[in-house]
Number of protein chains: 2
Amino acid sequence: MLTKATEFDTELKELADQAKALSHPARLTILRFLAAQDTCICGEIVEALPLAQATVSRHLKVLLEAGLIDVTQRGTSSCYCVAPDAVGKLHLRLRGFFNEVEEGGRTAAC
Amino acid sequence: MLTKATEFDTELKELADQAKALSHPARLTILRFLAAQDTCICGEIVEALPLAQATVSRHLKVLLEAGLIDVTQRGTSSCYCVAPDAVGKLHLRLRGFFNEVEEGGRTAAC
DNA sequence: GTACTTAATCGAATTTATACGATACAACGA
DNA sequence: TCGTTGTATCGTATAAATTCGATTAAGTAC
């Protein structure tokens, strides 16, 4: 019937937003780094990345806003870590999306 | 030892690029739509999205460049479909990344 | 208190993404 | 051949993302 949609599906909008949080190598590097470290002090993250401190801080903020990491203060230091629940949830969501796409893909007509 | 990296890991750069292809609801909608349809004519995609034809065409180009869809010409029509291999590979890659992050997350110190 | 360290934020520059109307272009039908 | 249809691309406007130096603010050490 080809009716024009007036907006996007909410679920897909949310998934797109979280995918955006993963769409920069700095942020992927941060997530992997935090997962590999016992400690997770901001300064160490800055040292591990080829970016200025201000820029790293901004990437950390993006990850925080996406809920994928948490932060706690230790004196003047900020201690970041992976938020396992949110990461697990995103993983699940992505798996669901991919399963949907891969299922259909097998029967595509072109 | 806190050595400053001079650039990002190539694997993570590529993953970030593909995540970027997934970071817009229009593109997720297109992928899901193509997976659900037998036919996959451009015009039908345009009708399914709340966007102008030119904009949809651009999103399709992004997905093509990411390798996630293929296109074949049928007369004046363009017939798009999911590229199952590339999608499967991305799915695998993402699973690998998430497993890495979730593994470490369980032992995080903060 | 003063000096130092750590990290967030501001300000500003640059780049990239998103969007759409208009146009071009190729295939098709009359 | 001529108009129509389906898509890609161009031009352009706007918004968002990325980056970094400079500054601020808050804790620590003396």
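We name chains A, B, ... by the order of the sequence lines, and we start the count at 1 in each one. Predicted model, so just to flag it, every value in this text is computed and none were measured. These values consider heavy atoms only, across backbone and side chains, with no hydrogens, waters or symmetry-generated copies.
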For the side chain of A52(B), starting at C-beta, report the closest nucleotide among dT5(C), dA8(D), dG21(C).
-> dG21(C)
So, is K20(A) close to the dA17(C) phosphate, meaning a side-chain N or O under 4.0 Å from OP1 or OP2?
-> no
Across the strands shown, which category fits S57(A) at heavy-atom distances under 4.0 angstrom: base, sugar-phosphate, nothing?
-> base
Identify which nucleotide among dA19(C), dA8(D), dA26(D) has an atom closest to any side-chain atom of T76(A), counting heavy atoms from C-beta outward.
-> dA26(D)
Please state how far atom CD in Q53(A) lies from atom P in dT19(D), giving the value in whole angstrom units.
-> 14 Å
Which class fits the ring pair F8(A) and H24(B): parallel under 30°, tilted 30 to 60°, perpendicular over 60°?
-> perpendicular
Measure the distance from CD on E7(A) to P on dA19(C) and round it to the nearest whole Å.
-> 14 Å
Would you tell me if any nitrogen or oxygen in the side chain of T55(A) comes within less than 4.0 Å of OP1 or OP2 on dT19(D)?
-> no
Under 4.0 Å between a side-chain N/O of H59(A) and OP1 or OP2 of dA17(D), yes or no?
-> no
Heavy-atom side-chain proximity of T55(B) to H59(B) below 4.5 angstrom | yes
For dG27(D), does either OP1 or OP2 sit under 4.0 Å from a side-chain N or O belonging to R74(A)?
-> no
What is the nucleic acid contact for A54(B), judged by heavy atoms within less than 4.0 Å: base, sugar-phosphate only, or nothing?
-> base
Given atom CZ of R58(A) and atom P of dA12(C), what is their separation to the nearest angstrom?
-> 14 Å
NE2 of H24(A) versus P of dT15(C): gap in Å, rounded?
-> 15 Å
How long is the line joining NZ of K13(A) and P of dT18(C), in whole Å?
-> 15 Å
Between atom CD1 of I41(A) and atom SG of C81(A), what is the distance when rounded to the nearest 0.5 Å?
-> 12.0 Å
Mind checking whether L22(B) and L31(B) have side chains closer than 4.5 Å, heavy atoms only?
-> yes
Value in whole Å for how far the P atom of dA17(C) lies from CG of L60(B) | 17 Å
Kindly say if S78(B) contacts the phosphate of dA8(D), meaning a side-chain N or O under 4.0 Å from OP1 or OP2.
-> yes
Under 4.0 Å between any heavy atoms, over every strand shown, what does I41(B) touch: base, sugar-phosphate, or nothing? Just pick one.
-> sugar-phosphate
From the list dA17(D), dT7(D), dT6(C), which nucleotide is the closest neighbour of the side chain of S77(A)?
-> dT6(C)
If each of F8(A) and C42(A) is mapped to the nucleotide of DNA chain C with the nearest heavy atom, which maps nearer the 5' terminus, i.e. the 5' end?
-> C42(A)
Separation of dG6(D) atom P from I45(B) atom CD1, nearest Å, is 14 Å
Separation between NZ of K20(B) and NZ of K20(A), rounded to the nearest 0.5 Å | 10.0 Å
Is V87(B) close to I69(B) at the side-chain level, that is, under 4.5 Å between some pair of heavy atoms?
-> no
Any side-chain N or O of Y80(A) under 4.0 Å from OP1/OP2 of dT6(C)?
-> no
Taken to the nearest whole Å, NZ/K61(B) to P/dA17(C) is 13 Å
